[in-house]
Amino acid sequence: MELLKQKVISEGIVLAKGVLKVDSFLNHQMDPFLMREIGREFKERFAEEGVTKVLTIESSGIAPGIMTALEFGVPLIFARKQKSLTLTEDIFVEKVYSFTKRETNEITVSKKFVAPGERVLIVDDFLANGEAAFGLARIVEQAGASVAGIGIVIEKSFQPGRKLLQEAGYRVESLVRVASLEDERVTFVEEE
Ligand code: G4P
Ligand code: NA
Ligand code: NA
């Protein structure tokens with residue numbers, strides 16, 4: 001997605017250890033025009049997948065998620081993160097380990113909002129190791145629903161998330177694919 005690529009080039013800041021800071025349009029300040037275009041792009045790519053819900057994880061997934069849900073005309077659910085858990089029977093729970101933050105969160109979704117047979121499109125801001133996406137997919141499957149696809153705003157292709165998700169049978173669509181953040185420079189995967 002060319003608009004997003006240009007934003008990454010002009011405003012992205014490469015931090016040490018392979019982290020791309022995009023605080024000016026995605027992770028802190030958010031660009032609503034760009035979010036709308038992101039929603040439209042995911043709609044186009046997953047138009048034939050019969051999507052009935054969009055699922056993301058708080059907090060940075062919510063903006064691209066809501067715009068995608070708007071395009072499909074379906075609700076957005078965001079999974080909540082919590083450090084420790086009060087177990088109840090009304091929620092789906094999965095553990096998600098973050099390599100970036102070196103912590104495990106339990107993510108939860110109310111059973112009220114995902115029904116058997118639904119086609120759930122997972123959307124997230126970043127894909128690194130795929131832990132968050134796998135956790136969301138496990139929740140969808142616990143519900144007896146199916147994953148319609150995984151839509152990622154920025155994929156770090158030098159980390160294994162995409163490969164692992166594809167090997168598990170999921171369709172992954174990433175709007176930009178970052179090949180490397182070496183030498184404080186962003187380079188992109190060449191697309192056909
Ligand atoms: P994974 O889910 O693919 O395994 O990724 P990882 O655990 O490494 O990511 C942990 C958090 O860091 C996630 O946000 C993810 O979106 C974010 N993240 C990963 N790599 C980058 C990066 O290069 N740049 C930025 N800006 N973020 C990155 P989170 O903990 O869910 O936080 P939130 O911002 O959504 O609240
Ligand atoms: Na995220
Ligand atoms: Na994030």
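Numbers here are sequence positions counted from 1. Counting starts at 1 for both ligands and their atoms, in listed order. What you see is a predicted model; the values in this text were computed from it and never measured.
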- Message: So, 4.0 Å and heavy atoms of Lys81: is ligand 1 close enough to count as a contact?
- Response: yes
- Task: Enter the distance from Ile38:CD1 to Met67:CE here, rounded to the nearest 0.5 Å.
- Result: 9.5 Å
- Query: Can you list the ligand 1 atoms lying under 4.0 Å from a non-hydrogen atom of Ser59?
  - Reply: 33 (P), 35 (O), 36 (O)
- Task: Show which atoms of ligand 1 fall inside a sub-4.0 Å distance from at least one heavy-atom site of Asp125.
- Result: 16 (O)
- Using a strict 4.0 Å threshold on nitrogen-to-oxygen distance, state whether Lys21 and Asp23 make a salt bridge. yes
- Would you mind finding which of Ser60, Gly130, Gly61 brings a heavy atom closest to atom 33 (P) of ligand 1? Ser60
- Qualifying salt bridge (charged side-chain N to carboxylate O under 4.0 Å, His left out) pairs with a residue from residues 126-152, counting only residues at least two apart or across chains: Glu94-Arg138
- For residues Thr52 and Arg119, is any side-chain donor paired with an opposing acceptor at under 3.5 Å? no
- Under 3.5 Å, is there a donor-acceptor pair between the side chain of Lys53 and the main chain of Glu118? no
- May I ask you to list the atoms of ligand 1 that are less than 4.0 angstrom from any heavy atom of Ala128? 3 (O), 5 (O), 8 (O)
- Return the name of the atom in Asp124, of element N, O or S, nearest to the Na ion (ligand 2). OD1
- Message: The criterion is side chain to side chain contact (heavy atoms under 4.5 Å, CB included); which residues satisfy it with Leu3, sequence neighbours excluded?
- Response: Phe33, Leu34, Glu37
- Query: Taking non-hydrogen atoms only, is Asn27 closer than 4.0 angstrom to ligand 1 via side chain, backbone, both or neither?
  - Reply: side chain
- Item | Check: Lys101 main-chain N/O paired with Ser98 side-chain donor or acceptor under 3.5 Å | yes
- Message: Only N/O/S atoms count here: what is the atom of Asp125 closest to the Na ion (ligand 2) called?
- Response: OD1
- Task: Flag yes if more than 12 heavy atoms outside Glu184 fall under 6.0 Å of its CD atom; otherwise flag no.
- Result: no
- Could you check which of Ser98, Gly12, Ala132, Gly18 puts a non-hydrogen atom nearest to atom 10 (C) of ligand 1? Ser98
- Task: Nearest heavy atom to atom 9 (O) of ligand 1 wins, so pick from Thr100, Leu136, Leu164.
- Result: Thr100
- Query: Where on Glu58 is there a heavy atom closer than 4.0 Å to ligand 1, on the side chain, on the backbone, on both, or on neither?
  - Reply: backbone
- Message: Taking Glu58 first and then Arg80, would you say they form a salt bridge - that is, a charged N and a carboxylate O separated by under 4.0 Å?
- Response: no
- Message: Residue-level breakdown please: for Asp23 versus ligand 1, do any non-hydrogen atoms fall below 4.0 Å on the side chain, on the backbone, on both, or on neither?
- Response: neither
- Message: Would Ala133 count as being in polar contact with ligand 1, using the rule that some N or O on each side must be under 3.5 angstrom apart?
- Response: no
- Going by the atom numbers of ligand 1, which of them fall below 4.0 Å from some non-hydrogen atom of Phe99? 7 (O)
- Task: Could you list which atoms of ligand 1 come closer than 4.0 Å to a heavy atom of Lys101?
- Result: 29 (P), 30 (O), 32 (O)
- Task: Output yes when Arg40 and Glu44 qualify as a salt bridge under the 4.0 Å nitrogen-oxygen rule, no when they do not.
- Result: no
- Any non-hydrogen atom of Ile57 lying under 4.0 Å from ligand 1? no
